[in-house]
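Right, one structure below, let's go through it.
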Amino acid sequence: MLDVVILAAGKGTRMNSKLPKVLHSIAGKPMLHHVLDTVAQLGTDNLQKLVVVGHGAEQVEATIAGLNCHCVTQAQQLGTGHAVQQVLPQLRDDALVLILYADVPLIQPESLTGLLQCAGPDTMGLMTVNLANPTGYGRILRNGDGDVVAIVEEKDATAEQKQIGEVNTGIMAVPAKKLIQWLPELSNDNAQGEYYLTDIIAKARHAGTAIKVFQPASAEEVEGVNNRRQQAKLERIYQQAQADALLDRGVYLADPSRFDCRGELTAGRDVEIDINVVIEGKVTLGDNVKIGPNCLISNSVIAANSEIKANSILEDAVVADGCVIGPYARLRPGTVLKSGAKVGNFVETKKAVIGEGSKVNHLSYIGDCEMGARVNVGAGTITCNYDGVNKFTTTIGDDVFVGSNCALVAPVTLGDTSTVGAGSVVTRDVAADELTVARARQRSITGWQRPVKQPK
């Protein structure tokens, strides 16, 4: 039985933002959600999640609605001990309580599992870390036998105690029965005038409760965010970890320091990703996919042997094998490219199916369109899909040729193997095999005089 308490009540004054601190993001996801996702990986039965909210409580609660969390309000922020006091009525007597922080987003499930294994009915687990520069952290005090006896906060520490490199992360696992006994006894007689959760260490020592220490694999896991610099630092740590994992799986990254994964990327063999590529949501790349520089890929599937050239954006798109996209293309939600299709320079698509082997190579907008196979769409062509109120569909059959600078006014259908002459505005259906030209007849005027600039 595990009760997880996540402290998420702080304002985050140094963030200089109206947004509650715990909702600021790492890799496009609120820090609080990172912690909740880690908790979900613990695989523990009979789990209760208690989130202590305060500043911006309504916003925080709204973001975790539906995540099976129970929110408890800390009306005044009077310290970490006071924050945990607020959940005492919700704690289950026989539970082990894991205390986490919503502004410590990089903690790993393996570290939490190791900490939980240190705790039991008469034992508490404490996560510490050794730092070369421990400034700002509470120091771990040990006796001559090496046992933890107390934690002293920076502002209350002596000069000698400040030389200690082992520091408190704030993360601990404590039997609920012990917390229920110790928390009401806390005092705020200290330099901060706050109720320190760390004071329970001395109480545990006095009560004869064993204190076992666990340290994470990396100190970066337990770094917190109090300002924008720290947020940016953790963002790069997170992204480097994402890049390292992809490199280990065989993905080529032209520069791992210039790659951002803000979601979940699944990649096949021999995938190549150039610089400044951003992945959002769930993205799948097949074998031999190449992504050029400065691309944004969001919630999309790109099949084998396709290439996304520089400066292209894909959102909620499905790309079949052997396609070529870009440079400077934008595939908006609902775009589907069949095998061998091409969408080129400055082309935008939306809710469009581009058929097998079809080409839209230059300066076009194709929206709400069903396009067949082997279609060639000339530069500057648009599907006029919106009348100001409703959207309509353009249907283009197989082997159609559309000349440059055409406007296809939906709803309209171009039959198989039909041809539309350049510069045409097509407002009626075109039958199969027909040539349609819908433009003013060209005239040439002999003897026409070009205007000249008049003298002032």
Side-chain angles (χ1 to χ4, degrees), residues 292-296 308-315 324-335 337 341-355 357-372 374-456:
N294 310 314
C295 290
L296 168 63
I308 315 299
K309 295 186 177 181
N311 304 294
S312 295
I313 299 173
L314 281 71
E315 309 167 77
V324 178
I325 297 165
Y328 294 98
R330 183 183 180 194
L331 274 55
R332 290 169 56 194
T335 296
L337 269 60
K342 294 184 178 180
V343 171
N345 306 264
F346 303 102
V347 172
E348 179 180 355
T349 64
K350 189 272 298 180
K351 200 177 178 181
V353 176
I354 310 298
S358 292
K359 301 176 183 179
V360 187
N361 276 331
H362 318 284
L363 302 160
S364 295
Y365 170 71
I366 305 297
D368 293 280
C369 179
E370 296 283 339
M371 184 183 299
R374 300 172 301 281
V375 172
N376 188 92
V377 176
T381 293
I382 62 171
T383 56
C384 306
N385 58 331
Y386 184 50
D387 66 0
V389 179
N390 300 301
K391 296 289 182 71
F392 298 94
T393 300
T394 298
T395 303
I396 302 175
D398 296 339
D399 300 297
V400 172
F401 183 93
V402 179
S404 298
N405 201 33
C406 288
L408 309 178
V409 183
V412 70
T413 297
L414 309 184
D416 293 347
T417 64
S418 61
T419 300
V420 178
S424 295
V425 178
V426 179
T427 58
R428 297 193 299 271
D429 290 352
V430 176
D433 302 314
E434 283 188 347
L435 166 64
T436 295
V437 180
R439 60 175 183 249
R441 183 181 297 276
Q442 180 175 320
R443 291 192 304 145
S444 297
I445 300 174
T446 303
W448 176 76
Q449 296 295 315
R450 178 180 293 178
V452 298
K453 189 172 184 179
Q454 297 295 323
K456 294 183 179 179

(request) Could you tell me which non-hydrogen atom of Val375 sits nearest to which non-hydrogen atom of Ser358, and how far apart they are? (result) N-OG, 2.9 Å
(message) The criterion is side-chain hydrogen bond (donor to acceptor under 3.5 Å, both in side chains); which residues satisfy it with Asp368, sequence neighbours excluded?
(response) Lys350, Asn385
(request) Identify the heavy atoms of Ser312 and Ile325 that sit nearest to each other, and give their distance. (result) OG-O, 4.1 Å
(message) I'd like to check the side chain to side chain contact (heavy atoms under 4.5 Å, CB included) partners of Asp433; sequence neighbours left out, ordered by chain and number.
(response) Thr417
(message) Surrounding CZ of Phe392 (heavy atoms of other residues, nucleotides or ligands, distance under 6.0 Å), is the total greater than 12?
(response) yes
(message) Is any side-chain heavy atom of Leu337 closer than 4.5 Å to one of Leu331?
(response) yes
(message) Looking at Thr395 and Thr413, would you say the former's side chain and the latter's main chain have a donor-acceptor pair under 3.5 Å?
(response) no
(request) Taking the side chain as every heavy atom from C-beta outward, state whether Cys369 and Ile396 have any atom pair closer than 4.5 Å. (result) yes
(message) For a 4.5 angstrom cut-off between non-hydrogen side-chain atoms, does Thr393 reach Pro411?
(response) no
(message) What's the separation between atom CE in Met371 and atom CD1 in Ile354, rounded to the nearest 0.5 Å?
(response) 4.0 Å
(message) Within this structure, what is the OG1-CG distance for the pair Thr335 and Leu314, rounded to the nearest 0.5 Å?
(response) 8.0 Å
(message) Quick check: closest heavy atoms across Ser364 and Gly378, and the distance to 0.1 Å?
(response) OG-O, 3.3 Å
(request) Answer whether the closest heavy-atom distance between the side chains of Pro327 and Asn345 falls below 4.5 Å. (result) yes
(request) Taking all non-hydrogen atoms of both residues into account, name the closest pair between Asp398 and Gly372 and its distance. (result) OD1-CA, 3.3 Å
(message) Quick test of your reading: applying salt bridge (Lys or Arg N to Asp or Glu O under 4.0 Å), list the pairs with at least one residue in residues 439-449, sequence neighbours left out, ordered by first then second residue.
(response) none
(request) List the atom of Ser418, the atom of Ala431, and the distance in Å for their closest heavy-atom pair. (result) CB-O, 3.5 Å
